[in-house]
2 protein chains.
Amino acid sequence: MAAKVRRAGRRADALSKERIVEAAIEILDRDGESALTFRALAARLSTGSGAIYWHVADKNDLLDAATDAVISRVMTEDVGHEAPREAIRTVAVGVFDAIDAHPWVGTQLAREPWQPAMVHIFEGIGAQLQALGVAEGAQFNSASALVSYLLGLAAQYAAVMQLVPRETDRSAFLAAIASRWAQHDPAKYPFVHQIAAQLPEHDDREQFLAGIDLFLAGIDAGRA
Amino acid sequence: MAAKVRRAGRRADALSKERIVEAAIEILDRDGESALTFRALAARLSTGSGAIYWHVADKNDLLDAATDAVISRVMTEDVGHEAPREAIRTVAVGVFDAIDAHPWVGTQLAREPWQPAMVHIFEGIGAQLQALGVAEGAQFNSASALVSYLLGLAAQYAAVMQLVPRETDRSAFLAAIASRWAQHDPAKYPFVHQIAAQLPEHDDREQFLAGIDLFLAGIDAGRA
DNA sequence: ACCTGAACACCGTTCAAGT
DNA sequence: ACCTGAACACCGTTCAAGT
């Protein structure tokens with residue numbers, strides 16, 4: 001844990017926070033959250049496990065940096081040419097797709113709301129709310145609600161993805177949950193019964209966008 | 001890990017899943033998520049750490065059971081006499097307050113969307129959406145959106161609570177985040193700057209309800 | 001300044017052995 | 001049937017020692 005001074009003439013394969021974060025992302029993507037250990041990371045970088053601590057404060061710092069690397073890439077997409085409503089959907093879908101590609105990002109975003117990646121998400125959503133003409137006093141609440149929704153679904157989606165990575169396993173897994181939910185007393189849990197039937201074949205992405213639209217409709221209603 | 005057969009004549013202080021879960025909740029509430037270890041639990045119950053595995057499959061099973069115990073208590077509140085809109089707010093606030101009292105519940109709900117506690121939440125929200133007259137085809141999407149929002153905010157709130165338990169520390173903590181957010185370039189992050197100012201003194205519970213109302217307004221708009 | 005790798009203080013989980 | 005507690009296979013993190 002020390003500030004790193006950058007200088008010219010370093011070896012090409014020298015350790016750096018960027019190289020560590022990059023390696024961490026590869027491990028997380030290929031083998032999941034539980035596979036990211038300092039030992040595995042050190043082995044992959046052909047170094048000692050203690051060396052990593054020179055560039056990274058601790059595991060949390062590493063996960064924050066990895067999450068920020070993924071999210072800031074998404075948030076550099078230019079949405080300036082789109083209408084605010086479409087731009088919000090684009091930003092939201094961008095985050096959704098990033099979590100689809102990197103499930104661990106969903107877990108991490110929900111776990112640390114104050115991390116750097118959140119700044120990008122808040123700015124991306126908030127700027128469009130301003131463009132949409134939401135009253136200044138309502139902007140914080142609206143942005144917060146949208147971001148909470150985004151993260152809540154992200155965390156749940158990531159949790160399922162983490163257990164069953166492939167598309168085919170996924171619907172089988174959801175079918176298993178559905179049949180467990182369907183075992184509850186239909187008299188006491190009529191609604192759970194009803195959605196259990198729809199659970200295995202529902203489209204997550206479509207449902208996600210439906211939620212965004214519900215929000216936008218609510219915001220619209222507030223302005224009228 | 002075995003089915004437990006209940007019989008009469010057991011000693012009053014005999015181990016049971018209920019007693020284990022109760023002790024786990026007490027540890028989680030008093031000392032936080034990281035304090036719940038099988039060793040600490042065994043010490044508190046004056047038993048061996050291995051004994052717990054006779055009643056509980058693993059740590060995940062224990063956390064699911066603890067979460068379900070807290071949530072099912074909230075969900076037994078009778079909202080039958082309230083109008084659907086008020087009933088939804090009551091249910092949502094009930095979950096919010098439960099997480100306020102037991103921050104670890106927020107973390108756990110977001111981490112395992114298929115756990116038993118979610119069945120109660122879905123039923124509580126869904127039943128009221130039906131009463132509200134939401135079209136059957138839209139009920140799953142609407143309930144899912146509301147639950148996602150609920151869990152997203154819950155996870156974030158729990159994350160902050162977990163770090164700074166007391167009310168006074170909390171606003172100091174938020175002020176620290178706000179000042180970090182305010183250090184970003186105002187030209188590139190105007191919205192983040194704006195909400196940073198509001199962050200320390202905003203009321204989480206009020207903001208939470210504002211988000212629920214946004215949803216309800218969106219649902220209303222969809223029915224018109 | 002940066003890297004090494006053994007050592008420390010933990011974990012969850014298992015399992016032979018007890019009652 | 002239920003409980004004990006040592007043992008196993010891990011963790012994140014530290015730190016004296018190297019270059």
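Predicted model only: the values in this text are computed from it and were never measured. Proteins get letters first, then strands, A, B, ... in listed order; numbering begins at 1 in each.
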As a test of your reading of the structure, name each stem of DNA chain D as range with range, where a stem is three or more consecutive Watson-Crick or G-U pairs at under 3.5 Å.
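In DNA chain D, stems of three or more pairs: C:4-8 with D:12-16, C:12-16 with D:4-8.
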Atom pair distance, as rounded to whole Å: [atom1] in [X] and [atom2] in [N]:
X	N	atom1	atom2	value
B:His55	C:dT13	NE2	C1'	16 Å
A:Leu15	C:dC2	CG	P	10 Å
B:Ile20	C:dG12	CD1	C1'	15 Å
A:Arg19	C:dC2	CZ	P	14 Å
A:Phe38	C:dC10	CZ	C1'	16 Å
A:Leu62	D:dC11	CG	P	15 Å
A:Ile52	C:dG5	CD1	C1'	12 Å
B:Asp61	C:dG12	CG	C1'	14 Å

Would the distance check show the side chain of A:Thr76 and the main-chain N or O of A:Arg73 forming a donor-acceptor pair, the cut-off being under 3.5 Å?
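A pair under 3.5 Å: yes.
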Keeping the roles fixed (side chain from A:Arg39, backbone from A:Ser49), state whether a donor-acceptor pair exists under 3.5 Å.
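Not confirmed, A:Arg39 side chain does not pair with A:Ser49 backbone.
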Nearest to the side chain of A:Arg39, heavy atoms from C-beta on, is which of C:dC11, C:dA7, D:dC3?
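Nearest nucleotide to the side chain: C:dA7.
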OP1 or OP2 of C:dC2 under 4.0 Å from side-chain N/O of A:Trp54:
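True: A:Trp54 side-chain N/O within range (under 4.0 Å) of C:dC2 OP1/OP2.
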Does the side chain of B:Leu41 come within less than 4.5 Å of B:Lys59's, by heavy atoms?
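They are not in side-chain contact.
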Under a 4.5 Å cut-off applied to non-hydrogen side-chain atoms, are A:Asn60 and A:Glu112 in contact?
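Yes, at least one pair of side-chain atoms sits under 4.5 Å.
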Which part of the nucleic acid, if any, lies within contact of A:Leu45, taking any heavy atom under 4.0 Å across all strands shown: a base, the sugar-phosphate backbone alone, or nothing?
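The residue A:Leu45 makes no contact with any strand.
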Using a heavy-atom cut-off of 4.0 Å across all strands, would you classify B:Leu41 as base, sugar-phosphate, or nothing?
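Nothing, no heavy atom under 4.0 Å.
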Counterpart residues, salt bridge (Lys or Arg N to Asp or Glu O under 4.0 Å), relative to A:Asp204 (two or more places apart)
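A:Asp204: salt bridge (Lys or Arg N to Asp or Glu O under 4.0 Å) contacts with A:Arg170.
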Please check if any side-chain donor atom of B:Asn141 sits under 3.5 Å from a side-chain acceptor atom of A:His202, or the reverse.
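Looking only at side-chain atoms, A:His202 and B:Asn141 do not form any donor-acceptor pair under 3.5 Å.
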Please tell me whether A:Thr90 and A:Glu77 have a donor and an acceptor in their side chains that are separated by less than 3.5 angstrom.
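Checked: A:Thr90/A:Glu77 side chains show no N/O donor-acceptor pair below 3.5 Å.
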Identify which one of A:Tyr157, A:Tyr149, A:Phe215 satisfies the ring-ring contact (aromatic ring centres under 6.0 Å, His included) criterion when paired with A:Phe208.
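Single pass found, and it is A:Tyr149.
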What N/O pairs connect the protein and nucleotides 14-19 of chain D at under 3.5 Å? Give each pair on its own line.
none

Would you please test B:Thr107 and B:Glu33 for side-chain hydrogen bond (donor to acceptor under 3.5 Å, both in side chains) and show each step?
CA-CA 9 Å; B:Thr107 316; B:Glu33 297 178 44; 2.8 Å; yes
